[in-house]
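Computed from a predicted model, the values in this text were never measured in an experiment.
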Amino acid sequence: MGTTTVRRLDPHRDRAAVARLWAAALDPSWPVLPDALDLLGAGYVVQVDRSVVGVVAHDPRGSILLLAVDPAHQRRGHGTRLLDHALADLRAAGARSARLGAGGDRYIWPGLPTSCGDAVGEFFARRGWVEDDVAVDLVQDLQADGVADRMAAYAPPAGIEVGLAGPRLMADVVAFEDTHFPQWSRYFREPHDGVLIARDGTGAIVGSLLLDGPGRSATPYWPILGDDPGAIACVGVRPDHEGRGVGTAMVAAATTLLAERGVRNCVIDWVVRVAFYGRLGYRPHRTYSMRTRGL
């Protein structure tokens with residue numbers, strides 16, 4: 001049987017072992033994502049003798065980023081043991097609940113990839129994880145025929161101007177996020193390839209989004225989407241301007257801009273309003289079970 005031990009994850013020393021576990025344990029539709037491995041800091045590994053056979057990584061603010069056990073060592077309690085250690089850390093850090101995937105400052109997936117299969121879902125369900133939503137990653141090939149014409153059909157409504165925010169407007173953009181979308185504020189404080197905003201006739205910001213690309217830095221999913229991907233994220237419209245087409249116009253403008261930059265596959269992740277983006281040609285790419293449990 002060998003000697004089983006659990007120790008803290010060493011992101012550098014254990015990187016190769018984690019990559020091996022990822023390749024062995026995850027669905028083949030999810031190849032190893034090198035940028036995702038960079039996100040794994042806190043966590044634990046389980047060893048049998050000197051071999052790492054399981055890993056869990058977490059964000060102390062309240063989420064489980066990755067749990068993988070070598071198929072040859074599954075059904076021996078290793079996954080439960082690792083999960084218990086991670087949840088103990090989250091409790092000690094003051095978290096009152098935990099999420100699978102997103103839930104802190106960093107995440108690989110919004111939730112539990114449904115491609116992992118029913119058995120994985122049942123594993124978490126038996127341990128108190130409840131599905132409270134389903135999220136979808138959407139993708140569109142921006143170099144396909146007809147994209148430019150489709151985007152041109154979604155002009156901003158009367159009295160609204162859409163364009164990139166220059167450096168002088170970033171303080172106003174962050175203030176807008178703090179007021180209307182505080183859950184996204186920290187992302188607007190980080191470097192990006194562009195912040196696109198909508199303003200009314202007075203110059204006030206009524207909508208915003210983030211865009212990135214082309215290039216591998218746009219998304220950790222580049223091994224799946226190619227070397228020239230792009231991303232659109234954090235699309236928000238001021239409540240008193242919802243329903244006027246402001247959000248659609250912003251996404252169309254961002255799509256056009258990224259296409260002109262040379263982006264091929266553009267991803268919009270963690271989407272619930274699939275039909276909204278579907279009008280613009282974005283189609284489901286990956287689906288996630290959004291699961292939480294109390295601590």
key: Arg273 side, atom CZ; Leu138 side, atom CG - distance, nearest 0.5 Å   = 12.0 Å
ask   = Do Val56 and Val6 belong together in a cluster built from hydrophobic side chains that touch within less than 4.5 Å?
value = yes
ask   = Between atom CD of Glu177 and atom SG of Cys234, what is the distance when rounded to the nearest 0.5 Å?
value = 7.0 Å
task = Kindly compute the distance separating CG (Leu258) from CE (Met151), expressed to the nearest 0.5 Å.
result = 11.0 Å
ask   = Which heavy atom of Val263 sits nearest a heavy atom of Leu142, and at what distance?
value = O-CB, 3.5 Å
message = Whether the Arg127 and Thr80 side chains hold a donor-acceptor pair (N or O, under 3.5 Å, no angle test) is what I'd like checked.
response = yes
Sequence neighbours excluded - ring pair (Phe, Tyr, Trp, His ring centres under 6.0 Å) pairs with any residue from residues 233-272 = Tyr107-Trp270
ask   = Considering all heavy atoms of both residues, which atom of Ala253 and which atom of Leu196 are nearest to each other, and what is their separation?
value = CB-CD1, 4.0 Å
remark   = Taken in chain and number order and not counting sequence neighbours, the residues that satisfy salt bridge (Lys or Arg N to Asp or Glu O under 4.0 Å) with Asp228 are none
request  = Among residues two or more places apart or on two chains, list those pairs meeting side-chain hydrogen bond (donor to acceptor under 3.5 Å, both in side chains) that have a residue in residues 252-264.
outcome  = Asp141-Arg264, Thr255-Tyr282
message = If hydrophobic clusters are built by linking Ile, Leu, Val, Met, Phe, Trp and Tyr wherever their side-chain heavy atoms come under 4.5 Å apart, do Leu66 and Leu112 end up in the same one?
response = no
key: Approximate separation, where rounding is to 0.5 Å, of Asp200 CG and Arg238 CZ   = 6.0 Å
note = Applied to residues 57-68, the side-chain hydrogen bond (donor to acceptor under 3.5 Å, both in side chains) test, sequence neighbours excluded, yields His58-Asp89, Arg61-Asp105
query = Going by an N to O cut-off under 4.0 Å, is there a salt bridge joining Arg186 and Asp178?
reply = no
Pairs where residues 142-163 contributes a residue and the test side-chain hydrogen bond (donor to acceptor under 3.5 Å, both in side chains) is met, not counting sequence neighbours = Gln140-Arg150
For His192, side-chain hydrogen bond (donor to acceptor under 3.5 Å, both in side chains) partners two or more places apart = Asp212
inquiry  = For Trp184, give me all partners under side-chain hydrogen bond (donor to acceptor under 3.5 Å, both in side chains), at least two apart in sequence or on another chain.
reply    = none
task = Kindly compute the distance separating CZ (Arg291) from CZ (Phe124), expressed to the nearest 0.5 Å.
result = 8.5 Å
request  = Over all heavy atoms of both residues, which pair between Ser29 and Ile224 is shortest? Give the atoms and the distance, please.
outcome  = O-CD1, 3.9 Å
key: Inter-residue atom distance Ile268.CD1 - Ile232.CD1, 0.5 Å rounding   = 4.5 Å
query = Taking all atoms of both residues into account, what is the closest heavy-atom pair of Val174 and Phe188, and its distance?
reply = CG2-O, 4.2 Å
query = Pairs in or reaching into residues 12-40: which pass ring pair (Phe, Tyr, Trp, His ring centres under 6.0 Å), with residues at least two apart or in two chains?
reply = Trp22-Trp109, Trp30-Trp109, Trp30-Tyr221
ask   = Is the shortest side-chain N to carboxylate O distance from Asp10 to Arg15 below 4.0 Å?
value = no
request  = Scan residues 67-95 for pairs that pass ring pair (Phe, Tyr, Trp, His ring centres under 6.0 Å), counting only residues two or more places apart or in two chains.
outcome  = Tyr44-His85
request  = Just jot down the side-chain hydrogen bond (donor to acceptor under 3.5 Å, both in side chains) partners of Arg279, sequence neighbours excluded, or say none.
outcome  = Thr248
request  = Could you list the residues that satisfy side-chain hydrogen bond (donor to acceptor under 3.5 Å, both in side chains) with Asp137, not counting sequence neighbours?
outcome  = Tyr288
key: Contacts of type salt bridge (Lys or Arg N to Asp or Glu O under 4.0 Å), residue Arg216, not counting sequence neighbours   = Asp227
remark   = Nearest heavy-atom approach of Val32 to Pro223 is O-CG, 4.1 Å
